[in-house]
A.B. asks: 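Take this structure first; my questions come after.
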Amino acid sequence: MSDVPTPATVSEQSTVRSRRGRRILAVVLVVLFILLAFASFLLLRLLVPPGGPGDDTETAGVTWVRSIYGMSSAIDDQFGRTQSAAPAPDGTIWVTDVQRRALMGFSADGSYIGSITGENDIPLAVVGRATVGPDGLFYVCETNRDVVRVIDRDGNEVSSFGIPSPVSVAVSEDRIVVGSVNGFAILDKEGNPLHVIGSRGQEDWQFDYVHGVAIAENGNIYVADSFNNRLSGYDPEGNRLWIVRTGNPSNQADMIDGRLTVLDAEDVSLQPGETLQLPLGLTLDGAGRIVVVDMFENTLAVFSTEDGSFIGRYGDVGANDGQFFYPQSVSYDAGRDWFLVADSLNNRVQIVRIPDSAGGGDLAAAVRRALAGPLRACFLPLLLLLIALVVWLSARAARKRREQRELAASAQDLSVDPAL
Amino acid sequence: MPDAGPPTLDPGRPDGDEQQPAAAPARPSMFDDPLVRRMTFVAAGLVIVFLATVVGALVTGLLLPSGPRTLTEKEIAVAGEAVRAGSTDPEVWGTYIAALVDGGQYGRARSVIEDARRSIDDSGTAEIPLGEARLYSAQGQYERAIESVDEVKRILEADLETRLASGGRIREAALLDGLHPNYDIAALLKAYALVELGRHEDAVDEFTIFLERNRGASDVLVDRGNANREAGDTAAAEADYREAMRFIPDMPQAVEGLESIGVTP
């Protein structure tokens with residue numbers, strides 16, 4: 001009896017080994033899937049925080065992205081009443097609150113990166129609203145000191161200019177617009193005043209706390225006159241283009257039946273249900289619309305830049321993520337198509353989106369948003385999968401070409417040698 | 001024996017061929033099977049993709065600690081830090097337990113409840129059984145949630161009786177304050193548990209307890225209206241829906257409730 005395996009025996013052994021191999025691999029794959037699913041669940045728990053708006057949270061059209069509550073989980077690092085939140089050109093977010101004399105910086109995914117407190121000899125004091133210019137410099141309103149300070153990322157003061165009671169600021173490539181108690185001023189980038197518009201009062205040409213200013217790409221300026229409850233638009237030279245009364249003015253009230261009641265204005269141009277109570281911070285979105293925060297309605301109201309006509313309103317009152325409670329300011333990050341809202345009495349900053357704000361930049365903004373969130377962890381594996389797919393397809397195509405060549409060569413051999 | 005000499009080749013075999021036994025076929029390997037090979041590639045690919053995700057998360061700083069990102073995370077973080085710092089305030093513990101339950105961390109919530117029972121005096125606030133009731137409700141164990149709520153009520157009623165019996169300023173304060181606010185919260189929790197169990201008439205009673213001291217809670221008024229409707233009392237349901245709309249005109253849930261009982265808002 002020979003010990004040499006015969007072809008028939010080899011074939012049987014091959015079948016047996018193959019079946020055994022498949023069983024082993026099947027078990028390995030099942031165990032692997034279970035382990036990977038469990039590990040993915042743990043990773044997801046780390047990346048996606050507990051909470052967020054539930055199914056029963058009414059947000060009235062606002063899409064919540066994330067909230068920022070403080071610099072860390074420590075009690076002392078939580079925000080107080082937030083005043084402003086502004087995006088920088090690099091996507092970082094800069095926040096001011098009433099408790100800290102600082103600009104607190106966060107990455108787009110909400111991680112704390114550091115604070116700016118001004119120079120040692122002139123630290124920031126009672127920081128109010130702030131914004132970040134296209135040049136990356138910080139423009140900070142110090143209302144009680146009647147000054148706007150310009151500070152770089154290292155906390156060095158680049159310049160400063162005196163403005164009586166500045167409460168809001170907007171910056172473009174070549175202009176600075178500062179809103180104050182009395183109206184607003186248009187300045188050049190060195191802080192030299194070019195136009196000063198308004199005085200304090202209730203008349204058509206007057207203002208009572210300009211809490212929101214914004215500059216469009218064409219240089220037009222939009223202003224929220226808070227206590228007169230008006231929105232107005234101006235050309236780059238400060239000539240008024242339009243003005244609308246957005247609700248009953250808070251500075252006109254009388255005692256009626258023992259209660260202080262805001263009087264009805266006769267020139268309100270909005271329909272009931274559209275009117276604002278107290279317009280504060282203001283910004284322009286990617287679609288070129290004015291978005292203004294209404295502190296008492298706890299909403300974001302949208303208006304046209306053409307004539308100040310009302311477009312829509314989003315948001316609801318509450319403490320849940322996605323809701324607002326006395327928001328103070330709003331700013332827009334065009335790169336990610338989202339809004340930063342200083343949700344003051346909820347002691348947080350919220351990153352939210354509203355419909356139709358992208359204005360054509362949806363895809364690029366969506367990619368940047370994804371890279372700002374937990375999904376960026378998937379970028380590397382997706383790239384590897386793509387490479388693997390390309391390699392597999394290439395190898396498959398090469399194998400097919402090789403088989404075809406061999407087939408053709410074999411057919412040629414047969415036709416050449418009739419004896420075969 | 002004479003030397004046989006060198007072996008001679010078989011003349012029938014071509015020159016150069018060695019006379020050896022027939023070559024044994026190569027032993028088969030399980031990786032010869034294309035399906036096995038594919039499954040191996042899939043398994044290896046899965047591991048590589050997962051490791052790449054972890055590396056990606058590490059490299060992009062996703063796994064670095066950051067501040068709270070949601071309200072629940074903030075409440076867990078802040079209350080948790082207070083508890084770890086040794087707070088004996090029952091309300092802090094209660095907030096922590098509630099935040100853990102809201103965050104879906106039921107195991108940790110159970111552990112904190114056990115720690116609280118050993119660590120703090122809860123006789124005046126009943127935060128621990130209230131937290132337990134929240135936990136049971138979240139887990140769908142409504143009968144046990146109701147038992148915990150009843151424990152809350154017993155504790156707070158007993159506490160009120162004790163304070164009233166004390167006399168003097170303690171009695172005066174107890175008369176002013178009445179039952180601890182957790183009593184109302186417990187009643188509300190019990191109401192929702194009863195609704196889940198289909199005991200709508202009992203749920204109405206518990207909603208009523210809550211609304212006695214929280215009359216403007218429009219959402220709870222609507223919930224009581226819904227319970228009244230399910231219990232067959234449409235008149236009471238309509239009254240509840242209309243009362244809710246007194247506080248929030250055109251409240252969508254109240255309007256929907258009225259329409260559900262065939263009444264024009």
Side-chain angles (χ1 to χ4, degrees), chain A residues 2 4-7 9-11 13-22 24-26 28-29 32-33 36 39-40 43 46-47 49-52 66-75 77-78 106-107 109-112 319-321 346 348 371 374 376-381 383-385 388, chain B residues 21-43 45-82 85 99-100 102-105 219 252:
Chain A
S2 170
V4 173
T6 64
T9 309
V10 165
S11 174
Q13 284 180 348
S14 171
T15 305
V16 167
R17 284 182 193 276
S18 174
R19 260 193 255 131
R20 191 166 62 203
R22 289 183 189 185
I24 293 171
L25 259 298
V28 166
L29 274 177
L32 201 58
F33 267 119
L36 285 179
S40 300
L43 190 63
L46 276 174
L47 296 178
R66 67 179 62 91
S67 300
I68 305 174
Y69 284 88
M71 295 174 282
S72 75
S73 296
I75 295 176
D77 285 347
Q78 305 307 301
F106 299 83
S107 62
D109 70 351
S111 305
Y112 175 62
N320 289 328
D321 296 293
N346 279 324
R348 65 187 175 200
L371 290 176
R376 68 179 187 266
C378 301
F379 181 69
L380 184 59
L383 186 64
L384 286 176
L385 277 173
Chain B
R27 294 188 72 81
S29 159
M30 68 180 180
F31 290 103
D32 291 337
D33 182 347
L35 184 60
V36 169
R37 275 204 302 275
R38 278 198 202 115
M39 289 164 79
T40 309
F41 287 141
V42 169
L46 282 173
V47 172
I48 290 170
V49 164
F50 179 75
L51 289 175
T53 305
V54 173
V55 167
L58 284 169
V59 163
T60 55
L62 273 173
L63 295 178
L64 292 175
S66 69
R69 296 162 290 177
T70 63
L71 182 62
T72 302
E73 202 169 54
K74 177 187 175 178
E75 288 176 342
I76 291 173
V78 171
E81 187 169 314
L100 288 170
D102 283 343
Q105 300 184 33
D219 48 346

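In what follows, chains are A, B, ... by sequence order, proteins preceding strands, each numbered from 1.
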A.B. asks: Give a yes or no answer on whether the side chain of A:N346 reaches the backbone of A:R348 with a donor-acceptor pair at less than 3.5 Å.
C.D. replies: no
A.B. asks: Please classify the contact of B:L35 with chain A as side chain, backbone, both or neither, using a heavy-atom distance under 4.5 Å.
C.D. replies: side chain
A.B. asks: Tell me, for A:I68 versus chain B, whether the close heavy atoms (under 4.5 Å) come from the side chain, the backbone, both or neither.
C.D. replies: backbone
A.B. asks: Looking at A:Y69 and B:R69, would you say the former's side chain and the latter's main chain have a donor-acceptor pair under 3.5 Å?
C.D. replies: no
A.B. asks: Of all the heavy-atom pairs spanning A:S67 and A:D321, show the shortest one and how long it is.
C.D. replies: OG-OD1, 2.8 Å
A.B. asks: Would you mind telling me which of B:P68, B:G104, B:G56, B:A77 has the largest number of heavy-atom pairs within less than 4.5 Å of chain A?
C.D. replies: B:P68
A.B. asks: Please report the closest heavy-atom contact between A:F106 and A:Y112, naming both atoms and the distance.
C.D. replies: CD2-CA, 3.6 Å
A.B. asks: Chain B heavy atoms under 4.5 Å from A:F33: which part of the residue, side chain, backbone, both or neither?
C.D. replies: side chain
A.B. asks: What part of A:A388 gets closer than 4.5 Å to chain B, counting heavy atoms only: side chain, backbone, both or neither?
C.D. replies: neither
A.B. asks: Could you check whether any side-chain N or O of A:Q78 sits under 3.5 Å from a backbone N or O of A:S72, counting only pairs where one atom can act as donor and the other as acceptor?
C.D. replies: yes
